[in-house]
Amino acid sequence: MDFLENMQQRRSCRSFDPALPVSREELLKIVEAGRLTPSGCNSQPWKFIVVDSAEAKEKLCDAIVLENGSTGAPWRHQVAAFIILVEQPAKVMQCVADYYQTTQRFAQGDVGAACMNMCHEAFSLGLDTCIIGMSDQTKMEKYFNIPQGREVRMVLAIGHAANNPPMNKVRKALDEVCSFNSWD
């Protein structure tokens, strides 16, 4: 399958089969895809925490519920494994830091790109994923020994879909999102 076919077929899964595990070998391949992702000034501003033990998954399931009870993942207890993506301090060229007055200008995008590469590697392994954006930073720090101030940017849920309903991937038309040489 070529890359565009992969893009057309990959979807965010929100119904996982809890009986089907994901191996550590598969998880390491997924992390490797994240590790190999390009980043601004080659800063590699990420740390990946793989969560696959029952105890750690319970903690993670608690940490992705906010204080008010909101969660972006009501299906979280079905997931075989998770990867927490934490933004690290970026080391960039001095001229970049001087211009933007921060070393973190590209870090969030870099972490997002790493996550997407992980999604595509998981898909190529026959696995399904969903990116979770909501989490309680204080709980994440406490449960996973994340240093204070190191932001959890997202959590990647990984497993096998419980069912494979027909996909209806809705995207804007190409001419709505692309132009050549100017905005219009």
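Computed from heavy atoms alone, side chains included, the values below leave out hydrogens, waters and symmetry copies.
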Any side-chain heavy-atom pair from [X] and [Y] closer than 4.5 angstrom?
X	Y	result
I83	I30	yes
K91	T103	no
W46	T37	yes
T129	C13	no
V50	V31	yes
V65	S70	no
R76	R14	no
Y99	R105	no

How close do [X] and [Y] get, counting heavy atoms only, and between which atoms?
X	Y	value
V92	S43	CG1-CB, 4.4 Å
C130	S12	SG-CB, 4.1 Å
C41	V96	SG-CG2, 3.9 Å
Q104	A90	OE1-N, 2.6 Å
G149	E141	N-OE2, 3.6 Å

Side-chain donor-acceptor contact under 3.5 Å, [X] with [Y]:
X	Y	answer
Q9	E5	no
D17	H160	no
E26	S23	yes
Q8	N6	no

At what distance, to the nearest 0.5 angstrom, does [atom1] of [X] lie from [atom2] of [Y]?
X	Y	atom1	atom2	value
L125	H120	CG	NE2	13.0 Å
I131	C119	CD1	SG	4.0 Å
L36	E121	CG	CD	9.5 Å
E67	T138	CD	OG1	9.0 Å
D62	D136	CG	CG	8.0 Å
L85	E151	CG	CD	13.5 Å

Please check if the side chain of [X] supplies one atom and the backbone of [Y] the other of a donor-acceptor pair under 3.5 Å.
X	Y	answer
S39	Q44	yes
Q137	R150	yes
K169	R10	yes

Is [X] atom [atom1] crowded by more than 12 heavy atoms from other residues, nucleotides or ligands, each under 6.0 Å away?
X	atom1	value
K47	NZ	no
M93	CE	no
N181	CG	no

I'd like to know if [X] pairs up with [Y] as an ion pair, taking the criterion as any Lys NZ or Arg NE/NH1/NH2 lying under 4.0 Å from an Asp or Glu carboxylate oxygen.
X	Y	result
K29	E32	no
R153	E87	yes
R24	D52	yes

Transitive ILVMFWY cluster of L60 at side-chain heavy atoms under 4.5 Å: who else is in it?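 Under the 4.5 Å side-chain rule, L60 groups with F16, I49, V51, I64, W75, V79, F82, I84, V86, I132, M140, Y143, F144, I146, V152, V155.
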For N163 and S15: C-alpha separation, side-chain torsions, deciding distance, then whether side chain to side chain contact (heavy atoms under 4.5 Å, CB included) applies. CA-CA 7 Å; N163 53 42; S15 179; 4.2 Å; yes
With sequence neighbours excluded, tell me which residues meet salt bridge (Lys or Arg N to Asp or Glu O under 4.0 Å) with K59.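 For K59, the residues satisfying salt bridge (Lys or Arg N to Asp or Glu O under 4.0 Å) (neighbours in sequence not counted) are E55.
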Between F48 and V111, is there a shared hydrophobic cluster once you connect ILVMFWY residues whose side-chain heavy atoms come closer than 4.5 Å?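 In one cluster: yes.
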